[in-house]
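This report concerns only the one structure given below.
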Amino acid sequence: MNILVVDDSKPMRMLVKRTLRMAGFGDHDVVEAGDGAEAFETVMKNRPDLVISDWNMPEMNGFEFLTKLREENIGVPFGFVTTEITPDMRKMASDAGAKFLIGKPFTAEQFEKELGSILG
Amino acid sequence: MAKFSASSTEKITETFEIILGKDVEIKEGGDITPNDCCSAAIYVDNDGKMQAACLFDLPLSAYTSAALSMINADVANDAVQEGALSNNLKENLYEIFNISVALFNERAQTGIRIKDVHISPEKIPAPLISMLEKSPAQSGYDMSIDSYGNGKLRLYFL
């Protein structure tokens, strides 16, 4: 399967990839994007099986990216990994169709729990 | 000076072990000041009001930022010897400070987020140094990172 990791921080994308490996998902292909706009282009080109995205990013933030995907009827499973989590953000994410919202710092166990049913 | 705990040593240990993917030991100590630290992160609430700060000395700045992306410990040791972090290490350090907001969120009344990071040779603004020095709510720690080394950190609630 193909996982798209979206974050404007290169170290954070690396951290997400490391946690994916620790959670047992290391055999999946991972592609990266640095903001929502780049990620949208990557989705159109690569059609990933899962998107893991930061919320706060330049150009197009993670929520705008998810909204744009759904407007284009692209139903790829989508989850947020973000530093700041508020009840409003949880509701917005859920209403927009996000499967999960994980706070930083995150653990391999959290990834296993949230991503297991998607990645199998 | 009153001691305070933004988080328990267990919580701080757990937070850095998750971030770095390494075994970490934390003990109370960390006798660094805003004048002799290497790096500082400032955290604000939703209204932009300064709420907390985190200081690292040079060794901790180098070792945490190297450990984050499994950069060889020799690179971190070189940075300590030279007294400066490479851009690569600075980028990692910013992300460590960004995630370290979790150390304060349990105690904060509202959600807080990172605002600024100052990394040597950039100076911490004098008014901020003064504010940190006067803060009655601060606590220091010595941190040891497996395979890398030891350093000092100090946490402030403003």
Side-chain angles (χ1 to χ4, degrees), chain A residues 5-26 30 32-35 38 52-58 61-63 79-94 100-115, chain B residues 7 10-24 41 43-48 51-52 54 61-62 64-71 75-76 85-106 108-115 117 119:
Chain A
V5 176
V6 190
D7 200 303
D8 56 323
S9 161
K10 188 178 168 191
M12 184 50 62
R13 296 198 299 270
M14 184 278 311
L15 202 51
V16 170
K17 289 193 291 180
R18 185 183 80 194
T19 308
L20 282 168
R21 285 195 300 274
M22 290 166 65
F25 304 123
V30 177
E32 301 178 35
D35 59 50
E38 184 189 348
I52 301 172
S53 177
D54 188 18
W55 189 294
N56 295 308
M57 293 181 292
N61 71 34
F63 181 74
F80 288 104
V81 172
T82 183
T83 307
E84 190 182 5
I85 297 180
T86 64
D88 282 351
M89 288 168 74
R90 280 201 184 281
K91 185 172 186 325
M92 285 169 69
S94 173
F100 56 83
L101 195 148
I102 296 173
K104 300 173 188 173
F106 41 78
T107 64
E109 289 74 23
Q110 284 175 291
F111 269 41
E112 245 182 295
K113 182 180 167 223
E114 301 289 358
L115 279 60
Chain B
S7 297
E10 289 79 13
K11 169 75 177 174
I12 299 170
T13 302
E14 180 190 62
T15 299
F16 281 103
E17 284 188 338
I18 291 170
I19 295 172
L20 303 177
K22 289 275 179 192
D23 287 338
V24 163
Y43 303 91
V44 297
D45 62 18
N46 290 333
D47 297 325
Q51 289 287 343
C54 179
S61 301
T64 53
S65 53
L68 180 74
S69 53
M70 292 173 283
I71 293 170
V75 174
L85 303 183
S86 64
N87 287 338
N88 194 17
L89 293 180
K90 285 181 182 175
E91 189 181 11
N92 284 4
L93 186 57
Y94 181 91
E95 203 54 58
I96 290 164
F97 280 135
N98 182 32
I99 307 172
S100 296
V101 72
L103 297 174
F104 300 102
N105 271 334
E106 278 182 1
Q109 298 293 312
T110 60
I112 59 175
R113 61 186 164 76
I114 196 164
K115 181 175 184 288
V117 171
I119 301 173

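Below, read A as the first sequence line, B as the second, and so on, with proteins coming before strands; counting in each chain starts at 1. It should be emphasised that the depicted structure is a prediction, and the values quoted were computed from it without experimental measurement.
- Minimum heavy-atom separation, A:Pro11 to B:Glu91: CD-OE2, 3.7 Å.
- The part of B:Glu95 that comes within reach of chain A is its side chain, from C-beta onward, which places non-hydrogen atoms under 4.5 angstrom from that chain.
- The line from CG of A:Leu15 to CD1 of B:Ile19 is 8.0 Å long, rounded to the nearest 0.5 Å.
- Residue B:Leu20 touches chain A through its backbone alone, counting heavy-atom pairs closer than 4.5 Å.
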Stepwise side chain to side chain contact (heavy atoms under 4.5 Å, CB included) test for B:Leu68 and A:Met14: CA-CA 9 Å; B:Leu68 180 74; A:Met14 184 278 311; 4.1 Å; yes
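- Interface remark: A:Met12 contributes backbone and side-chain atoms alike to the contact with chain B (heavy atom separation under 4.5 Å).
- Here the straight-line distance linking atom CZ of A:Arg13 with atom OG of B:Ser69 works out to 12.5 Å at 0.5 Å rounding.
- Minimum heavy-atom separation, B:Asn46 to A:Glu84: OD1-OE2, 3.7 Å.
- The choice from B:Asn88, B:Ile96, B:Asn98, B:Thr15 that makes the most heavy-atom pairs within less than 4.5 Å of chain A is B:Asn98.
- Residue A:Lys10 qualifies as open at atom NZ: its count of foreign heavy atoms under 6.0 Å is 12 or below.
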